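Report on the structure given below.
Bear in mind the structure is a predicted one, so any value in this text is a computation, not a measurement. Residue numbering restarts at 1 for every chain, and letters A, B, ... go by the order of the sequence lines.
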Amino acid sequence: MFNKRIKIKELLTQEPNGQEVIVMGWVRTFRNNQFIALNDGSTNNNLQVVVELGKFDDELLRRITTSASLKVTGIIEPSLGKGQKMDLKAATIEILGDSDAEKYPLQPKKHSLEFLREKAHLRFRTNTFGSVFRVRHALAFAVHKFFNDKGFLYMHTPIITASDAEGAGEMFKVTTLPVDGSATRDDAGKIDFKEDFFGRATNLTVSGQLEGELGATAFGDIYTFGPTFRAENSNTARHLAEFWMIEPEMAFYDLEDNANLAEEFIQYLIKYVIENNKEDLEFLAQRLAEEEKQLPQDKRSEMGLIEKLEFVLANSFERLTYTEAIDILKNSNQNKKKKFQYEVTGWGMDLQSEHERYLVEKHFKKPVILTNYPAAIKSFYMRLDDNCEPGKQTVSAMDILAPGIGEIVGGSQREERLDKLEARMKEMNIPSEEMWWYLDTRRFGTVPHAGFGLGFERMVQFVTGMTNIRDVIAFPRTPGSAEF
RNA sequence: UCCUCCUUAGCUCAGUUGGUUAGAGCAUCUGACUGUUAAUCAGAGGGUCGUUGGUUCAAGUCCAACAGGGGGAGCCA
C-alpha cells in the first residue's frame, strides 16, 4: 500500500507541528551523512529528511545516494537549520531502489542543457526540466480549459491522412509496403499504392485544419490539440519533426474576430501559468537571468521572464497590415544603412525572420499581429480580400510574432466562396478532385469562418524562457535524432 | 540543406611556436568531522585526447574525410 504518502508540495504548505507522514521520492543530495534532500517531482522544493546519528545502520546510509528512491516515515518538526521551515525526522527509511553513484550520470551540480539533452530520460529529475514540464502541463491544461469554458468542441483529427493540407512541407510516408524496393509497380513504374494498407498513399498529418473546418461548419467552434509531423530537414532551435499544435476553427468569424480570439487565448495561457506556477516561473526566471549573464550586454533581454510575461498581459498586441509593415521596414534606419542581410525590396516580398525580429524586438517591442499578406505568398485556403489595388491582391491572413520566438501563430479567415476557392486551387495546382469533401463545406451551407494554429512548443518556450525547442518537449524528434 | 564554431577524466574546462610521464575544479571511492544547504578537510583511483587516414624524427597540438553537438540561415508552427 503506497498511496498513503503525502506529496511534498502539499506537505510544504502545512505548518510543522509533529504530524506523522509518509513521503516517497528521489534523493537529490545527502549532506553531512545526516540531511537528505528528497524530491518527489511535485515541486522543485525538496523536503529535508533528518537522519539522527546512530539511529540507522551504516550499511543503509551508504545506499542513500543521488537519485536513489526512498520511502521515509517520521515526524514533521520545525527545522533547526536556516534553509527550510520544516524537517522530517526519520523514523524509518526504506530504500525502494538503489542508484549506483559511480554510474548515475547526473550530479548535484549545474549541467549544460546540451548534456542533459543526451540524458533526456533522466533530465526530468533536474530543477530546470522539472519546472519546464510542470509549466508545459499547466499550459496544456489551460488550453483545454480556455476552449471548454468558451463552448468549443475538442475534436480529434486524424494523424494518418491522405491530404497534403497546405501543399507545403515534406511529409512522412505511412505505408506497410516493403521498403526494399520490391513493392508492386504500376504501368508507369511507380509504386502501386492500391496495394498499400489504405489502398492509397498516406502520410502523417501536417495540420488538422482542413478536417477542423469540417467540424467548425457543423459545431460552430472547435479546436484540435495533437501531434503534427514535418519531414523538413530543419536544424534550428525552433523546429521539430514532431510537435504539438493547437488549431481552433470558428464558424461566423472574420479576420478581426480571429485575431481577437488568438490574442485573448495567448494572454489567458500566460495568466494561467502566472497564477498557478509561480514557483516554477520564478525558478525559470532566475535560471534565464543566470544564463544571460554569460552573454554580451546587447544580447541580453531587456526584461526578466516574469516581467516580460506581465508586460504581454498588460499591453494589447500591435496590429498592422503587411503593407504597413513593409513601409516601416523600408523606411527603417536598419534598412537604409543596409544592415539587413536581406534587403527590403518592397511590396510582395516574403518577410525574412530578421525583418520579423526587427518589427517585434526593435520597433514595437511587443507581440505583433501582421495581417493581409499578398495572396501570392500564402496558402490556397485563405480568403481573398475584396477591393484590393490592382496588382496588390491580399488575403485575410494573420501571423502573430512573439519576441524571441518569431511566428507563434499563423491563421486566416478561410475562403468560403466556392468559385473563388476553386479558381485559387487551380492556380496553385492543388488537386481539387481529391479534396471534394473539403469543397463540400462550400457547397452545402457555406459560412464565413476563420481559424489559426498555435505551435505549442513555441508557446512553452515563450513562457519558460527556454531558448531551444528541444528543451520543452520530453523526447525531441529532429533530423538524425529519435533516441528514447 | 548551407555557413560557422566545438569535440581532452563521469561533468565543466586548461593544455604555449608540434618536443620527456596530459592537468585543474567538481563528481566517485576511502577516512575524518557532524545542524548541513552544490557541507567541509585529507588521501586515492580515474584518459586509446570523437573516429579514420595523412604530414613529421616526433601529433592532444598541423592537414583531410567522416561522426556527434552548439550557434546562425532557409523552410515553417
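- At a threshold of 4.0 angstrom between heavy atoms, the contacts of A:D87 include nucleobase atoms, whether or not backbone atoms are also involved.
- If you check distances only, the side chain of A:S234 does reach the base of B:C75 with a donor-acceptor pair under 3.5 Å.
- Here the separation of B:C26 from B:A65, taken at their P atoms, is 41 Å to the nearest Å.
- Between the CD1 atom of A:I405 and the C1' atom of B:C76 there is a distance of 14 Å, given to the nearest Å.
- The shortest distance between the side-chain N/O atoms of A:R31 and the OP1/OP2 oxygens of B:U40 is not below 4.0 Å.
- In the set B:C75, B:G68, B:U34, the nucleotide with an atom closest to the side chain of A:E232 is B:C75.
- Contacts of A:L53 with the nucleic acid, taken as non-hydrogen atoms under 4.0 Å apart, involve only primed sugar atoms and P, OP1 or OP2.
- Looking only at atom types and distance, the side chain of A:T157 has no donor-acceptor partner in the side chain of A:T224 under 3.5 Å away.
- Residue A:T29 is classed as a sugar-phosphate contact, given heavy-atom separations below 4.0 Å to backbone atoms only.
- For A:Y223 and A:H144, the ring centers are positioned less than 6.0 Å apart.
- Note: A:Y438 and A:Y381 fail the aromatic proximity criterion, with ring centroids not under 6.0 Å apart.
- Taking atom C1' on both nucleotides, B:C33 is separated from B:A39 by 11 Å, rounded to a whole Å.
- The side chain of A:V50 lies closest to B:G35 when the candidates are B:G35, B:G70, B:A73.
- Judged by a 6.0 Å distance limit and a 45° cone about the ring axis, A:K145 is not positioned over the six-membered ring of A:Y268.
- Taking the side chain of A:A101 as heavy atoms from C-beta on, and the options B:C29, B:G71, B:C75, the nearest nucleotide is B:C29.
- Within the nucleic acid shown, A:R28 has no heavy atom closer than 4.0 Å to any nucleic acid atom.
- Aromatic pair A:F475/A:F124: centroids less than 6.0 angstrom apart.
- Comparing the P positions of B:G74 and B:A64 gives an interatomic distance of 29 Å, to the nearest angstrom.
- As rounded to the nearest Å, B:A9 and B:G25 have C1' atoms that lie 12 Å from one another.
- Between A:H449 and A:Y253, a ring centre-to-centre spacing not shorter than 6.0 Å is recorded.
- Judged by atom type and distance alone, A:Q84 reaches the base of B:U36 through a side-chain donor-acceptor pair under 3.5 Å.
- Taking atom C1' in both B:U40 and B:G68, one finds a spacing of 39 Å when rounded to whole Å.
- Residue A:E354 is out of contact with every strand shown, counting any heavy-atom pair closer than 4.0 Å.
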Using Watson-Crick and G-U wobble pairs whose two distances are both under 3.5 Å, how do you write the pairing of RNA chain B as dot-bracket, with | for links to another strand? (((((((..((((.....[...)))).(((((.......))))).....(((((..]....))))))))))))....
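- Within the 4.0 angstrom heavy-atom criterion, no nucleotide atom of any strand lies near A:T66.
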A:S131 vs A:D280, side-chain hydrogen bond (donor to acceptor under 3.5 Å, both in side chains): CA-CA, chis, key distance, verdict: CA-CA 5 Å; A:S131 288; A:D280 286 321; 2.9 Å; yes
Nucleotide by nucleotide, 5' to 3', does protein get under 4.0 Å of the base (B), only the sugar-phosphate (S), or neither (-) in nucleotides 44-49 of chain B, counting heavy atoms? ------
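- In this structure, A:M171 places its CE atom 15 Å from P of B:C76, rounding to the nearest Å.
- For B:U48 and B:G43, the C1' atoms lie 28 Å apart once the distance is rounded to whole Å.
- One can find a donor-acceptor pair under 3.5 Å joining the base of B:C76 and the side-chain atoms of A:H239.
- Considering only the side chain of A:R117, B:G70 comes nearest among B:U12, B:C75, B:G70.
- Taking side-chain N and O atoms only, A:N233 has no distance below 4.0 Å to OP1 or OP2 of B:C2.
- As judged by a 4.0 angstrom heavy-atom cut-off over every strand, A:Y342 is placed among residues touching the sugar-phosphate backbone only.
- The base of B:G35 lies close enough to the side chain of A:S79 for a donor and an acceptor atom to sit less than 3.5 Å apart.
- Here A:R470 does not reach the OP1 or OP2 of B:G69: none of its side-chain N or O atoms lies under 4.0 Å away.
- Atom pair A:Q48:CD and B:U37:C1' shows a separation of 7 Å (rounding to whole Å applied).
- Going from atom CG of A:D399 over to atom P of B:C76 covers 10 Å, rounded to whole Å.
- In this structure, A:G480 and A:S353 both approach RNA chain B, and ranking their closest nucleotides by distance from the 5' end singles out A:G480.
- Taking atom CD of residue A:E407 and atom C1' of nucleotide B:A73, one finds them 17 Å apart after rounding to whole Å.
- For A:F317 and A:F364, the gap between ring centers reaches or exceeds 6.0 Å.
- Not one N or O on the side chain of A:Q334 forms a donor-acceptor pair closer than 3.5 Å with the backbone of A:K339.
- In this structure, of B:U34, B:G70, B:A73, it is B:U34 that holds the atom nearest to the side chain of A:N33.
- A salt bridge between A:E290 and A:K110 is present, with a side-chain N of the basic residue lying under 4.0 Å from a carboxylate O of the acidic one.
- Taking the six-membered ring where the residue is Trp, the centroids of A:H156 and A:Y154 are separated by under 6.0 Å.
- For a distance-only test at 3.5 Å, the side chain of A:Q107 fails to qualify as a donor-acceptor partner of the base of B:U28.
- Nucleic acid contact class of A:T236 (heavy atoms, under 4.0 Å, all strands): base.
- Nucleotides B:C66 and B:C75 are separated by 26 Å at their P atoms, to the nearest Å.
- Contact annotation for A:L454: no contact, since no heavy-atom pair falls under 4.0 Å across all strands.
- Of the candidates B:C11, B:U36, B:G70, B:U36 carries the atom nearest the A:F35 side chain, counting heavy atoms from C-beta on.
- Among the atoms of the strands shown, none is found under 4.0 Å from any heavy atom of A:E457.
- For the C1' atom pair drawn from B:G54 and B:A58, the interatomic distance equals 15 Å after rounding to whole Å.
- Among the protein residues, A:F115 comes within range of the sugar-phosphate backbone only, with heavy atoms under 4.0 Å from sugar or phosphate atoms but none that close to a base.
- Side-chain atoms of A:T371 and A:R319 form no donor-acceptor pair, as typed in the model, at a separation below 3.5 Å.
- In this entry the distance linking CZ of A:R63 with P of B:C29 reads 14 Å, nearest Å.
- With RNA chain B read from its 5' end, the first of the two nearest nucleotides for A:Y104 and A:Q352 is the one closest to A:Y104.
- Atom CZ of A:F340 and atom P of B:A73 are 13 Å apart (whole Å).
- Between A:N127 and A:R287, the side chains place no donor N or O within less than 3.5 Å of an acceptor N or O (distance only, hydrogens not considered).
- For the pair A:L106 CG and B:A38 P, the interatomic distance rounds to 17 Å; values are reported in whole Å.
- With hydrogens and angles ignored, no donor-acceptor pair closer than 3.5 Å exists between the side chain of A:N46 and the base of B:U37.
- Aromatic pair A:F243/A:F456: centroids not less than 6.0 angstrom apart.
- Counting any heavy atom pair closer than 4.0 Å across all strands shown, A:K82 reaches a base atom.
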